[in-house]
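In this text, all values refer to a predicted model and were calculated from it rather than measured experimentally. Each residue takes its place number in the sequence, starting with 1. Any value given below was found using the heavy atoms of this structure, including those in side chains, with hydrogens, waters and symmetry copies removed.
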Amino acid sequence: MNKIVDFNGIGYVAATFPVDSTTQTYLKTNHLNASTGNVDINGKNLAVKLGTDGTVGFGAATPTAADAILGVIIAYEMDGFASVQIAGGIDEVPTKEAVTTGMKQIAVNNKGEMVVLADSVATSTLTKGGREIAVVKPSTSSNLFASIIL
């Protein structure tokens with residue numbers, strides 16, 4: 001008997017947000033389905049931050065406290081809006097490098113990957129409204145996907 005722990009969908013809450021233009025360009029450049037002409041990111045579980053203008057998008061190549069994770073894109077529409085999971089468990093979220101389990105200050109890089117902030121940056125994130133994310137299944141150097149609870 002296989003025993004598998006699955007966190008996907010537990011406590012699921014999603015909301016719709018407009019996607020910033022830089023992230024829209026990235027998605028259209030890197031995830032365009034040539035057959036349909038649509039952006040196809042179903043199952044990619046790309047992480048996003050909340051911008052100061054109320055849009056969601058990716059962070060900087062080297063994320064800072066300003067790039068703290070808001071959630072994970074569940075669906076992207078070609079009109080520039082996305083359904084973003086903002087609470088609950090989600091499996092197979094891409095990470096930039098190996099991430100261990102535990103409560104982590106997570107930011108988002110310019111490709112939608114999760115990055116753990118350094119302790120000095122993470123402390124400032126908490127004071128700026130960032131939140132800790134529970135990493136419940138770690139990623140490794142050979143499997144750069146983690147399960148998280150937002």
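Tracing side-chain contacts under 4.5 Å through hydrophobic residues (I, L, V, M, F, W, Y), one reaches Ile74 starting from Val13; they form part of the same cluster. Side-chain heavy atoms closer than 4.5 Å link hydrophobic residues (I, L, V, M, F, W, Y) into clusters, and following such links, even through other members, never connects Met78 to Phe81. Put simply, Tyr12 and Ile86 are part of the same group of oily side chains (I, L, V, M, F, W, Y) that touch within less than 4.5 Å, one to the next. No continuous path of ILVMFWY side-chain contacts below 4.5 Å connects Phe145 to Val93, so the two sit in separate hydrophobic clusters.
Between Glu132 and Gln105 there is a side-chain heavy-atom pair separated by less than 4.5 Å. Ser83 places a side-chain heavy atom less than 4.5 Å from the side chain of Thr16. Here the side chains of Leu144 and Lys96 are not in contact, with every heavy-atom distance at 4.5 Å or above. Between Glu97 and Glu113, every side-chain heavy-atom pair lies at or beyond the 4.5 Å cut-off. Inter-residue side-chain proximity for Ile148 and Ile106 is flagged as unmet; no heavy-atom pair is nearer than 4.5 Å. For the pair Leu46 and Leu27, the minimum side-chain heavy-atom distance is below 4.5 Å. Under the 4.5 Å side-chain criterion, counting only non-hydrogen atoms from C-beta, Met114 is in contact with Thr95.
Rounding to the nearest 0.5 Å places CD1 of Ile73 at 5.0 Å from CZ of Phe58. With values rounded to the nearest 0.5 angstrom, Ile133 atom CD1 is found 5.0 Å from Ile69 atom CD1. Note that the CG atom of Asn110 and the OG1 atom of Thr22 stand 10.5 Å from one another [nearest 0.5 Å].
Contact detail for Ala47 and Val108: the closest heavy-atom pair is O-CG1, 3.2 Å. Counting all heavy atoms, side chain and backbone alike, Glu92 lies closest to Asn45 at O-ND2, 3.3 Å. The two residues Pro94 and Gly112 come nearest to each other via the heavy atoms CG-O, 4.1 Å. Minimum heavy-atom separation, Gly71 to Leu150: CA-CD1, 4.0 Å.
Legend: residues meeting ring-ring contact (aromatic ring centres under 6.0 Å, His included) with Tyr76, ordered by chain and number and at least two apart, are absent. Applying the side-chain hydrogen bond (donor to acceptor under 3.5 Å, both in side chains) rule to Thr52 yields no partners; only residues at least two apart in sequence or on another chain are considered.
Of the residues Ile90, Asp91, Val135, Thr101, the one that meets the side-chain contact (heavy atoms from CB on, under 4.5 Å) test with Ser147 is Asp91. Val19 pairs in a side-chain contact (heavy atoms from CB on, under 4.5 Å) with only one of the listed residues (Thr55, Val48, Thr25, Val56), which is Val56.
Counting only distance, with no hydrogens or angles, the side chain of Ser139 and the backbone of Val99 share a donor-acceptor pair below 3.5 Å. A donor-acceptor pair under 3.5 Å is absent between the side-chain atoms of Asn38 and the main chain of Asp40, judged by distance alone. No donor-acceptor distance shorter than 3.5 angstrom exists from the side chain of Ser141 to the backbone of Ala98, with no hydrogens or angles considered.
Using modelled atom types and a 3.5 Å distance limit, the side chains of Thr140 and Asn143 yield no donor-acceptor pair.
Counting only residues at least two apart or on different chains, the salt bridge (charged side-chain N to carboxylate O under 4.0 Å, His left out) pairs with a member in residues 61-78 are Lys49-Asp67.
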